[in-house]
Amino acid sequence: MLPRRQTPASEAPGPAQGCCLTEPAALVTELLAWYRRCGRDLPWRRTRDPYRIWLSEIMLQQTGVQAVQDYYRRFLERFPNLAALAAASLDEVLALWAGLGYYSRARNLHAAACQLVAEQQGCFPMEVEQLMQLPGIGRSTAGAIRSIAFDRPGPILDGNVRRVLCRLLALQLPPRSPAAERQLWHWAERLTPTAAAHDYAQAIMDLGALICRPRQPDCDRCPLAGHCHGRRLGLQQQLPLRSRRPAVPLRLEVALLIETPHGIAVRQRPLRGLLGGLWEFPCLQLAQEADAAAAEIGLLQQLQQQLGLRDLAQPLGQVRHVYSHFRLQLYAYRILLGGTADLPADWRWLTPEQLSAWPLHGSHAKILPLLSAAPGRALSLAKEALCPCPMSPC
DNA sequence: AAATCGGGGCA
DNA sequence: TGCCCAGATTT
């Protein structure tokens, strides 16, 4: 066993690596005092139920507090506890997640619930390492659950903490670089107190959300202003360092609304990958950037040929949608059929009314208003012509 | 280490 | 428009 070496002077943090926090205990005390005066009252703070804490943490991954609240309420209404979630079908879970984004979260949530019921008698583990064994729970979320649900110290490094620490330390490194990551986790652990872990976790995140905001940090009201090297150096507006993101490519797609007396055809996407498990109209996309006008007709013809539909398709309009790593331009068409078409058996035929409550993904949901605005059959679909059991083929 | 994975809010 | 959000997983 080698003797534990001390950090040589050459590895001591230089200016780019950030400054040290010399009084972490005092810093935490002042932060906690501020939190008890100014902390937010949020739905998931009115419980210590690990199930509810867990659900909130997963929903809040890369998703704002505002967007989460309604989903959180609806989800708990339907699945009030772990057993209810584990007993549900993935389809039902996805339906409650539709519109929230990052659908692997819903799949992992359901899988983790089943795993806990099957292997842990439905009890959440308290240790970070065991929490991280569950799908969808990484290092930061594990720390958050341990802190908030169990009031035991669990370090967190989410977007809020990352920003707060970059400024406190005056860390002049790309915040996602390995060097920065090491520093940030080091201080995240160092600052997490043994006592008051629950309050500290909420406090550091509230500080990031209310005071140490992405833009216009409110240093005048910051309880940690006296500890902040970023502010001392006048760098609080510049930190954390921003990295230029490459321009996202444009993707072209054509969707076809096939209308029969039974309704409009939709299909489910594969469970893995983009928008996994959500539903959509039959569509075809160009893999790469291309000339929009020329590609539109080509894609439509290709799609109709694949489906064996030779009737004339009418344009419904176009939709734009932005994803994290590409933009989508979507051309919507409709085809009116008198009878049924010979299409895959796992497709379903839904009325416009049913579609509005169906887990369509975002870009295709944007087509529905175009349909309402267009003249023709869809909205005047005769009720008596409808299949009494639209979920199954008639 | 880099790419993948959504959608909404904001200046 | 570009950036941000209570990040994790896959390659």
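Note: hydrogens, waters and symmetry copies are ignored here, and every other heavy atom, side chains too, is used. All chains are named by letter (A, B, ...) in the order of the sequence lines, taking the proteins before the strands, and each is independently numbered beginning at 1.
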Interatomic distance where [atom1] belongs to [X] and [atom2] belongs to [N] [whole Å]:
X	N	atom1	atom2	answer
A/W44	C/dA6	CH2	C1'	9 Å
A/E181	B/dA2	CD	C1'	14 Å
A/L241	C/dC4	CG	P	11 Å
A/R245	B/dA3	CZ	P	13 Å
A/F326	B/dG7	CZ	P	9 Å
A/L210	C/dA6	CG	P	10 Å
A/Q62	B/dT4	CD	C1'	12 Å
A/L274	B/dT4	CG	P	11 Å

So, does the side chain of A/T63 form a donor-acceptor pair with the base of B/dG6 at under 3.5 Å?
yes
Quick one: sort the A/W279 and A/W358 rings into parallel, tilted or perpendicular, breaks at 30° and 60°.
perpendicular
Classify the ring geometry of A/Y323 against A/H321: parallel below 30°, tilted from 30° to 60°, perpendicular beyond 60°.
perpendicular
Please tell me if [X] has a side-chain N or O lying less than 4.0 Å from either OP1 or OP2 of [N].
X	N	value
A/R244	C/dC3	yes
A/H321	B/dG7	yes
A/Y102	B/dT4	no
A/H325	B/dT4	no

For residues 304-317 of chain A, please give each side-chain donor-acceptor pair under 3.5 Å, one per line with the distance, not counting sequence neighbours.
residue: A/Q304; atom: NE2; partner: A/L309; partner atom: O; Å: 2.8
residue: A/Q304; atom: NE2; partner: A/D311; partner atom: O; Å: 3.0

What I want to find out is whether [X] reaches [Y] closely enough, with some N-O distance under 4.0 Å, to be called a salt bridge.
X	Y	result
A/R46	A/D41	yes
A/E181	A/R162	yes
A/R139	A/E189	yes

Does one side chain, of [X] or [Y], offer a donor that lies under 3.5 Å from an acceptor on the other?
X	Y	result
A/Q202	A/R45	yes
A/Y71	A/Q69	no
A/Y333	A/E296	yes

Under 4.0 Å, counting only non-hydrogen atoms across every strand here, what does [X] touch: a base, just sugar-phosphate, or nothing?
X	result
A/Q202	base
A/V161	nothing
A/G276	nothing
A/R107	nothing

Would you indicate whether the side-chain heavy atoms of A/Q61 and A/T141 approach each other to under 4.5 Å?
yes
Contact check, side chains of A/Q172 and A/L239, non-hydrogen atoms, under 4.5 Å
yes
Against the side chain of A/S324, the closest entry in C/dA6, C/dC5, B/dG6 is B/dG6
Where the side chain of A/R242 is concerned, which of C/dA6, C/dC3, B/dG6 is the nearest nucleotide?
C/dC3
Report each atom pair, protein N/O against N/O of nucleotides 9-11 of chain B, whose distance is under 3.5 angstrom.
none

Between B/dG8 and C/dA8, how far apart are the two P atoms, rounded to whole Å?
23 Å
Distance between P atoms of B/dA3 and C/dA6 (Å, rounded)
25 Å
Go through the structure and list residues passing salt bridge (charged side-chain N to carboxylate O under 4.0 Å, His left out) with A/E280, not counting sequence neighbours.
A/R267, A/R269
Applying side chain to side chain donor-acceptor pair (under 3.5 Å), which residue pairs with at least one partner in residues 89-114 of chain A are found, sequence neighbours left out?
A/T63-A/R105, A/R78-A/E92, A/D91-A/Q268
Which residues within residues 359-370 of chain A lie with some heavy atom under 4.0 Å of an atom in DNA chain C?
none
Just the atom pairs and distances: protein N or O near nucleotides 8-11 of chain C's N or O, under 3.5 Å.
residue: C/dA8; atom: OP1; partner: A/G138; partner atom: N; Å: 2.9
residue: C/dA8; atom: OP1; partner: A/G138; partner atom: O; Å: 3.4
residue: C/dA8; atom: OP1; partner: A/T141; partner atom: N; Å: 2.9
residue: C/dA8; atom: OP1; partner: A/T141; partner atom: OG1; Å: 2.8
residue: C/dT9; atom: OP1; partner: A/G136; partner atom: N; Å: 2.5

